[in-house]
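Step one of this worksheet: look at the structure below.
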Amino acid sequence: QVQLVESGGGLVQGGGSLRLSCAASGRTFSNYAMAWFRQAPGKEREFVAAITRSRISTYYADSVKGRFTITTDNAKGTVYLHMNSLKPEDTAVYYCAADVSFTRVPGTWDYWGQGTQVTVSS
């Protein structure tokens with residue numbers, strides 16, 4: 001089992017920045033690909049960003065490319081989502097996920113955090 005705990009969400013003005021953190025425990029962190037998904041009210045959960053087990057490759061949704069960056073600190077067992085130039089349409093609950101393989105499909109990821117709310121005002 002992998003336990004994931006997100007933090008760092010909050011209210012920010014459009015154009016601002018936030019950094020989300022997700023602390024993992026329970027298994028060897030470097031054995032898992034890590035990802036961020038988000039879910040806005042009334043919408044399905046969608047892929048935001050991911051980093052592979054090797055920590056070499058990263059992937060982003062087109063809507064966040066160039067604004068968001070996913071990084072990891074293997075020593076701390078933590079994955080981060082650095083969010084810049086935030087827009088009101090980025091408002092959602094952001095979830096951290098872990099799995100041995102990367103896909104963009106939420107249903108394929110085995111482990112999930114509880115989520116953290118990000119609200120961007122216009």
Side-chain angles (χ1 to χ4, degrees):
Q1 292 286 339
V2 177
Q3 291 80 43
L4 302 171
V5 179
E6 301 101 333
S7 60
L11 174 64
V12 63
Q13 277 194 327
S17 300
L18 276 177
R19 188 186 75 167
L20 305 183
S21 301
C22 173
S25 62
R27 293 283 178 90
T28 303
F29 180 70
S30 58
N31 286 347
Y32 294 87
M34 301 298 298
W36 290 93
F37 291 82
R38 67 186 181 186
Q39 189 165 18
K43 294 189 176 181
E44 294 187 351
R45 193 168 297 189
E46 65 174 3
F47 170 76
V48 175
I51 187 165
T52 57
R53 284 192 296 175
S54 67
R55 306 303 188 230
I56 293 175
S57 299
T58 57
Y59 301 89
Y60 297 94
D62 288 343
S63 59
V64 307
K65 203 171 292 183
R67 300 188 298 122
F68 291 11
T69 304
I70 186 170
T71 62
T72 57
D73 184 333
N74 279 355
K76 294 183 178 180
T78 301
V79 58
Y80 303 96
L81 186 67
H82 307 263
M83 305 186 294
N84 298 317
S85 302
L86 282 161
K87 305 175 181 180
E89 50 264 44
D90 294 318
T91 295
V93 177
Y94 283 71
Y95 297 91
C96 172
D99 197 86
V100 294
S101 301
F102 160 70
T103 78
R104 294 174 183 259
V105 180
T108 65
W109 290 74
D110 278 344
Y111 302 103
W112 292 87
Q114 81 288 351
T116 185
Q117 177 70 47
V118 172
T119 302
V120 184
S121 63
S122 56

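Residue numbers count from 1 along this sequence.
Residues Leu81 and Met34 fall within the same hydrophobic cluster, defined by Ile, Leu, Val, Met, Phe, Trp and Tyr side chains chained together at heavy-atom separations under 4.5 Å. Tracing side-chain contacts under 4.5 Å through hydrophobic residues (I, L, V, M, F, W, Y), one reaches Val64 starting from Val79; they form part of the same cluster. Each of Tyr80 and Val2 belongs to its own hydrophobic cluster when Ile, Leu, Val, Met, Phe, Trp and Tyr are linked at side-chain heavy-atom distances under 4.5 angstrom. Under the 4.5 Å side-chain heavy-atom criterion for ILVMFWY residues, no single connected hydrophobic cluster contains both Val93 and Leu4. In this structure, Met83 is a member of the same hydrophobic cluster as Tyr60, with clusters built from ILVMFWY side-chain heavy atoms closer than 4.5 Å.
Side-chain atoms of Phe102 and Thr108, non-hydrogen and from C-beta on, never get closer than 4.5 Å to each other.
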Under 3.5 Å, which donor-acceptor pairs do the side chains of residues 17-28 form with other protein atoms, sequence neighbours left out?
{"unit_1": "Ser17", "atom_1": "OG", "unit_2": "Asn84", "atom_2": "OD1", "d": "2.9"}

Can you list, pair by pair, the side-chain donor-acceptor contacts under 3.5 Å of residues 114-122, counting residues two or more places apart and other chains?
{"unit_1": "Gln114", "atom_1": "NE2", "unit_2": "Glu6", "atom_2": "O", "d": "3.3"}
{"unit_1": "Gln114", "atom_1": "NE2", "unit_2": "Glu6", "atom_2": "OE1", "d": "3.4"}
{"unit_1": "Thr116", "atom_1": "OG1", "unit_2": "Gly9", "atom_2": "N", "d": "3.2"}
{"unit_1": "Gln117", "atom_1": "NE2", "unit_2": "Ala92", "atom_2": "O", "d": "3.4"}
{"unit_1": "Gln117", "atom_1": "NE2", "unit_2": "Thr119", "atom_2": "OG1", "d": "3.3"}

I'd like a table of donor-acceptor pairs (distance under 3.5 Å, sequence neighbours excluded) in which one partner is a side-chain atom from residues 47-57, with atom names and distances.
{"unit_1": "Thr52", "atom_1": "OG1", "unit_2": "Ser54", "atom_2": "OG", "d": "3.1"}
{"unit_1": "Thr52", "atom_1": "OG1", "unit_2": "Ser57", "atom_2": "N", "d": "3.4"}
{"unit_1": "Thr52", "atom_1": "OG1", "unit_2": "Ser57", "atom_2": "O", "d": "3.4"}
{"unit_1": "Arg53", "atom_1": "NE", "unit_2": "Val100", "atom_2": "O", "d": "3.2"}
{"unit_1": "Ser54", "atom_1": "OG", "unit_2": "Ile56", "atom_2": "N", "d": "3.2"}
{"unit_1": "Arg55", "atom_1": "NE", "unit_2": "Asn74", "atom_2": "OD1", "d": "3.2"}
{"unit_1": "Arg55", "atom_1": "NH1", "unit_2": "Tyr32", "atom_2": "O", "d": "2.7"}
{"unit_1": "Arg55", "atom_1": "NH1", "unit_2": "Thr52", "atom_2": "O", "d": "3.0"}
{"unit_1": "Arg55", "atom_1": "NH2", "unit_2": "Phe29", "atom_2": "O", "d": "3.0"}
{"unit_1": "Arg55", "atom_1": "NH2", "unit_2": "Tyr32", "atom_2": "O", "d": "3.2"}

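To the nearest 0.5 angstrom, Cys96 atom SG is 9.0 Å from Trp109 atom CH2. Note that the NE2 atom of His82 and the CD1 atom of Ile70 stand 9.0 Å from one another [nearest 0.5 Å].
For residues 39-48, the pairs satisfying side chain to side chain donor-acceptor pair (under 3.5 Å) are Arg38-Glu46, Gln39-Arg45, with sequence neighbours left out.
Qualifying side chain to side chain donor-acceptor pair (under 3.5 Å) partners for Lys65, counting only residues two or more places apart in sequence or in other chains: Asp62. Trp36 pairs by the ring pair (Phe, Tyr, Trp, His ring centres under 6.0 Å) definition with nothing, not counting sequence neighbours.
Asp99 places a side-chain N or O within 3.5 Å of a backbone atom of Asp110 that can act as its donor or acceptor partner.
In this structure, Trp112 and Tyr95 have perpendicular ring planes: the angle between them is above 60°, well past the 30° mark.
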